[in-house]
Amino acid sequence: MQKIALTPQDHVFVLTGAGISAESGIPTFRGVNGLWEKYRIEELASPHAFDRDPALVWRFYSWRRSVAKSCCPNAAHVALAGFQKRLGERFFICTQNVDSLHEQAGATQVVHMHGKLFESRCERRNCNTASFADGTEYPGDKLPQCECGGRIRPNICWFGETPHHMDTVMAALARCSVFVSIGTSGVVEPAASFVAFAQQGKSKPVRTIYVGPEEPANVHMFTDFLKGKATEVVPRLLGSWK
Ligand code: NAD
Ligand code: ZN
């Protein structure tokens with residue numbers, strides 16, 4: 001692997017996707033083991049799905065909670081957390097993952113653009129109740145309700161909904177000089193366009209690196225494609241950065 005030196009002025013933006021958690025035992029959506037029962041993901045993770053069959057959606061998220069509870073961070077999560085300690089404010093991490101493996105590895109200020117698996121909230125946007133920590137696995141026949149009468153739903157950004165914290169993410173993309181994407185297929189927007197946003201309006205070229213076992217759909221946008229599993233490539237890549 002080509003050694004990449006960071007200068008004290010560099011700001012690193014890291015984007016992670018389902019692939020970084022795959023080796024921890026959390027299935028990706030598109031991998032061979034990525035399907036749940038016979039459903040397509042859009043039939044489980046959308047406001048329409050929740051309106052049509054909230055019990056099915058809660059069964060899916062209860063299953064995901066139970067899987068995630070038994071999983072531990074892997075060497076890639078650990079390497080990123082260590083890298084954050086070395087770089088401090090010059091490091092920004094945004095994940096599409098809803099699991100908490102980055103935090104379990106010791107990372108802080110992780111921006112979860114697609115929400116958090118272990119949080120729930122009222123479905124009514126005008127309800128005053130804040131989102132809350134929730135690891136409950138709900139049986140299909142007894143679904144949680146808010147005091148206001150609205151239904152409680154997972155605090156997840158579903159298909160067709162706006163990703164969370166986009167202002168913070170766009171500001172970090174504007175200041176980064178190095179962009180690293182790990183284990184994401186480059187299909188789901190807006191995350192798939194972050195690599196382009198990172199390069200826009202910069203006076204110096206931005207180094208853009210992808211890490212994963214296969215080419216993402218947007219591979220042509222990257223200056224470097226480091227082929228391999230996250231646990232093998234990420235510790236080596238970050239360990240060589242000072
Ligand atoms: P994806 O399922 O579309 O793609 C996963 C990517 O990971 C693929 O490109 C694959 O080549 C790569 N990959 C597989 N094994 C890998 C490994 N060992 N190391 C590195 N890369 C590996 O996932 P996505 O692009 O993140 O987007 C799909 C959506 O799925 C996101 O919105 C995300 O919220 C959601 N999701 C999250 C989780 C989680 O929280 N862990 C799990 C599944 C899906
Ligand atoms: Zn409410």
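Both ligands and their constituent atoms are indexed starting at 1 by order of listing. Because the structure is a prediction, the values reported are computed rather than measured. Side chains included, hydrogens not; waters and symmetry mates left out as well; all remaining heavy atoms used.
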Which is it for Arg64 and ligand 1 at heavy atoms under 4.0 Å: side chain, backbone, both or neither?
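Near ligand 1, Arg64 shows its side chain, while the N, CA, C and O stay back.
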
At a non-hydrogen distance cut-off of under 4.0 Å, which region of Ile26 contacts ligand 1 (side chain, backbone, both, or neither)?
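Side chain only.
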
Strictly below 4.0 Å, N to O, side chains only: are Asp224 and Arg207 in salt-bridge contact?
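Between Arg207 and Asp224 there is a salt bridge, with a charged N closer than 4.0 Å to a carboxylate O.
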
Which residue from [options] reaches closest to [atom] through any of its heavy atoms?
atom: atom 3 (O) of ligand 1; options: Ser185, Gly19, Ala22, Cys71; result: Ser185
atom: atom 26 (O) of ligand 1; options: Ser100, Ala18, Ser21; result: Ala18
atom: atom 40 (O) of ligand 1; options: Val67, Val98, Val234; result: Val98
atom: atom 5 (C) of ligand 1; options: Leu226, Thr28, Thr16; result: Thr28
atom: atom 22 (C) of ligand 1; options: Pro213, Gly228, Gly212, Pro27; result: Pro213

Taking distance alone, with N or O pairs closer than 3.5 Å, would you say Lys229 contacts ligand 1?
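No; the residue has no nitrogen or oxygen that sits under 3.5 Å from a nitrogen or oxygen of the ligand.
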
Please identify each residue that fulfils side-chain contact (heavy atoms from CB on, under 4.5 Å) with Gln104, with sequence neighbours left out.
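Testing Gln104 for side-chain contact (heavy atoms from CB on, under 4.5 Å), a comparison that skips the adjacent residues, returns Pro73, Ser100, Leu101.
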
Apply side-chain contact (heavy atoms from CB on, under 4.5 Å) to Ser62 and list each qualifying residue two or more places apart in sequence or on a separate chain.
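Per chain and number, Ser62 pairs via side-chain contact (heavy atoms from CB on, under 4.5 Å) with Trp58, Glu137, Tyr138.
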
List-wise, which protein N, O or S atoms are found short of 2.8 Å from the Zn ion (ligand 2)?
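Within the sphere that stays under 2.8 Å of the Zn ion (ligand 2), the protein atoms of type N, O or S are Cys122 SG, Cys127 SG, Cys146 SG, Cys148 SG.
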
Report yes or no: is the cationic atom of Arg151 (NZ for Lys, CZ for Arg) under 6.0 Å from the centre of the six-membered ring of Phe50, at an angle within 45° of the ring normal?
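Satisfied, under 6.0 Å and within 45°.
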
Can you list the residues that meet the ring pair (Phe, Tyr, Trp, His ring centres under 6.0 Å) rule with Phe118, with sequence neighbours excluded?
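Phe118 satisfies ring pair (Phe, Tyr, Trp, His ring centres under 6.0 Å) with no other residue.
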
